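All chains are named by letter (A, B, ...) in the order of the sequence lines, taking the proteins before the strands, and each is independently numbered beginning at 1. Just so it is clear, the structure is predicted and the values come from calculations on it, not from any experiment.
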Protein chains: 2
Amino acid sequence: MKIFGRRTGEGIKQITQKKEKLKSFLKEKGLKSTRQRDLIASEFLQIGEHVTAEELYREISKKYSDIGFTTVYRTLKLLNKSGLATERVFADNLTRYEPLSAEDHHDHLICIKCGSITEFQDLKIERLQTRVADEFGFHAMSHKMELYGYCKKCKDNA
Amino acid sequence: MKIFGRRTGEGIKQITQKKEKLKSFLKEKGLKSTRQRDLIASEFLQIGEHVTAEELYREISKKYSDIGFTTVYRTLKLLNKSGLATERVFADNLTRYEPLSAEDHHDHLICIKCGSITEFQDLKIERLQTRVADEFGFHAMSHKMELYGYCKKCKDNA
DNA sequence: GTCTAATTGAAAATGAATTTCAATTTCCTT
DNA sequence: AAGGAAATTGAAATTCATTTTCAATTAGAC
């Protein structure tokens with residue numbers, strides 16, 4: 001099993017690299033690079049965690065009070081389309097975004113007390129999922145797996 | 001692996017039994033049995049499939065035009081609290097309800113073309129989930145697992 | 001620099017879920 | 001069986017995240 005644990009912000013090198021990727025995506029699509037998109041992408045990649053548009057907006061408007069919620073919202077959608085972020089909806093029904101690098105598919109452990117989100121990947125489970133699908137003649141394209149419970153910290157402090 | 005396949009409505013015997021269970025739940029909580037609750041519960045149990053409040057309402061108002069959406073909505077919440085139904089939210093972000101009998105925990109295969117929902121249970125996967133959680137010192141209380149892709153029918157007709 | 005198309009941000013719109021409230025119904029008490 | 005307190009009902013209003021609209025601004029190709 002591959003253990004990721006909690007996310008942390010990425011290094012400057014990766015961030016720069018990703019921002020380049022965003023730029024080429026924009027150019028390719030005939031879209032424009034703007035100060036707002038640049039700042040929002042930077043902040044998003046630095047935070048690294050699963051954030052809602054609202055959370056990211058609040059963070060950004062501390063530094064740049066002229067950037068509106070709508071732009072943050074639209075930029076996250078854009079990052080999603082460009083392959084730099086994924087959208088996730090957990091049990092609280094809020095849409096969260098997380099930076100996505102290459103092929104790092106993973107699932108989540110979600111603490112129902114403190115809300116912390118931990119990532120993991122388990123190839124054995126994935127193989128079994130494929131097998132289950134096969135038995136139904138089902139062709140699985142993606143999956144969603146979340147475990148809800150108490151994280152180590154909350155369990156110990158109970 | 002236990003295969004459930006698609007749900008079908010339940011037999012009259014089970015339905016009557018469940019409606020008794022609802023009645024005792026209501027009595028116990030100091031709530032009232034009403035014509036509406038009775039009809040909504042019947043219809044819900046007969047349909048058997050995963051339905052949204054909206055869908056169930058549309059079905060019911062064909063027969064009983066005096067029953068409002070709000071009551072259907074509230075009755076589904078009630079069935080949930082009484083343990084006769086579970087709430088589920090899939091990728092389309094709509095809240096669906098399904099009849100729940102005793103301990104039949106299961107997961108879902110969801111067709112991204114026709115929307116059909118198939119149920120399955122796989123104990124091996126569940127054991128692995130527990131193991132993953134353990135490695136993080138995480139105490140899992142529940143989980144959610146959905147596989148999205150093409151069902152046999154849609155795959156074959158492609 | 002000019003011009004066109006894209007972007008921005010505030011405000012409005014959307015849509016599912018939930019709450020409000022006056023009228024009605026249940027069912028406990030007598 | 002009638003009275004009355006409390007729960008229920010249904011329509012309409014509200015909430016809240018998400019998404020769209022639109023006029024003003026900006027990017028960047030020529």
Side-chain angles (χ1 to χ4, degrees), chain A residues 19 22-41 43-44 50-82 85-97 115, chain B residues 19 22-41 43-44 50-82 85-97 115:
Chain A
K19 282 171 62 179
L22 175 61
K23 260 193 180 156
S24 43
F25 173 84
L26 291 172
K27 192 155 215 173
E28 184 195 330
K29 297 282 181 186
L31 304 177
K32 291 170 179 170
S33 288
T34 64
R35 172 183 155 267
Q36 289 92 328
R37 283 178 178 169
D38 198 61
L39 292 171
I40 293 167
E43 192 70 21
F44 173 65
H50 302 75
V51 290
T52 62
E54 185 60 37
E55 285 166 356
L56 185 58
Y57 166 65
R58 248 180 289 141
E59 214 45 51
I60 282 177
S61 56
K62 280 182 198 165
K63 300 186 192 168
Y64 314 102
S65 60
D66 61 317
I67 296 183
F69 169 79
T70 313
T71 303
V72 172
Y73 164 79
R74 281 189 285 221
T75 303
L76 285 171
K77 287 270 171 203
L78 199 63
L79 290 171
N80 182 232
K81 274 188 197 146
S82 70
T86 34
E87 269 186 23
R88 306 253 182 202
V89 181
F90 299 123
D92 62 2
N93 259 46
L94 295 181
T95 303
R96 280 165 220 278
Y97 295 83
Chain B
K19 283 170 63 179
L22 174 61
K23 260 194 182 156
S24 44
F25 173 84
L26 292 172
K27 192 154 215 174
E28 184 195 328
K29 297 282 180 185
L31 305 177
K32 289 169 183 173
S33 288
T34 65
R35 169 181 156 270
Q36 289 93 329
R37 283 178 178 168
D38 197 61
L39 292 171
I40 293 167
E43 192 70 22
F44 172 65
H50 303 74
V51 289
T52 62
E54 186 60 38
E55 285 166 354
L56 186 57
Y57 166 66
R58 249 180 288 140
E59 214 45 52
I60 282 178
S61 54
K62 281 183 199 165
K63 299 187 195 170
Y64 314 103
S65 60
D66 62 316
I67 295 183
F69 169 79
T70 314
T71 304
V72 173
Y73 165 79
R74 281 188 283 221
T75 303
L76 284 171
K77 285 271 172 202
L78 198 63
L79 289 171
N80 182 232
K81 274 188 197 148
S82 70
T86 34
E87 269 185 22
R88 305 254 183 203
V89 180
F90 299 123
D92 62 3
N93 260 43
L94 296 181
T95 303
R96 281 165 221 279
Y97 294 83

>> Which residue is it: A:Arg88, A:Glu87, A:Glu55? I am looking for the one with a side-chain hydrogen bond (donor to acceptor under 3.5 Å, both in side chains) to A:Tyr97.
In response: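 Among the candidates, only A:Glu87 passes.
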>> When you measure from the side chain of B:Thr75 to the backbone of B:Thr71, do you find a donor-acceptor pair of N or O atoms at a distance under 3.5 Å?
In response: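 Yes; at least one donor-acceptor contact below 3.5 Å.
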> Is there a donor-acceptor contact under 3.5 Å from the side chain of A:Ser61 to the main chain of A:Tyr57?
Replying inline: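 Answer holds: yes.
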> Within less than 4.0 Å of OP1 or OP2 of C:dT8, is there a side-chain N or O belonging to A:Thr34?
Replying inline: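 Checking C:dT8 against A:Thr34, a side-chain N or O does come within under 4.0 Å of OP1 or OP2.
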> Would you say A:Tyr73 reaches D:dT19's phosphate, i.e. side-chain N/O to OP1/OP2 under 4.0 Å?
Replying inline: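 So the side-chain polar atoms of A:Tyr73 do come within 4.0 Å of the phosphate oxygens OP1 or OP2 of D:dT19, strictly under.
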What is the separation between atom [atom1] on [X] and atom [atom2] on [N], rounded to the nearest whole Å?
| X | N | atom1 | atom2 | result |
| --- | --- | --- | --- | --- |
| B:Arg35 | D:dT9 | CZ | P | 10 Å |
| B:Glu54 | C:dA17 | CD | P | 9 Å |
| B:Lys29 | D:dT8 | NZ | P | 13 Å |
| B:Leu78 | D:dT9 | CG | C1' | 13 Å |

With the side chain of [X] defined as its heavy atoms from C-beta on, choose the nearest nucleotide among [options].
| X | options | answer |
| --- | --- | --- |
| A:Arg74 | C:dT7, C:dG9, D:dA7 | C:dG9 |
| A:Thr70 | D:dT20, C:dC27, D:dG28 | D:dT20 |
| A:Thr71 | C:dT26, C:dG9, D:dT20 | C:dG9 |
| A:Lys77 | D:dT9, D:dA17, D:dT19 | D:dT19 |
| A:Ile67 | D:dT19, C:dG9, D:dG28 | C:dG9 |
| A:Lys32 | C:dC27, C:dA5, D:dT9 | C:dA5 |

>> Reading DNA chain C from 5' onward, which residue's closest nucleotide shows up sooner: B:Leu31 or B:Thr95?
In response: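 The answer here is B:Thr95.
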> If you look at every heavy atom in A:Ala53 and A:Leu76, which pair is closest and at what distance?
Replying inline: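 Residues A:Ala53 and A:Leu76, closest heavy atoms: CA-CD1, 3.6 Å.
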> How would you label the contact of A:Gln36 with the nucleic acid (heavy atoms, under 4.0 Å): base, sugar-phosphate, or nothing?
Replying inline: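 Since only primed, P, OP1 and OP2 atoms lie under 4.0 Å of A:Gln36, the category is sugar-phosphate.
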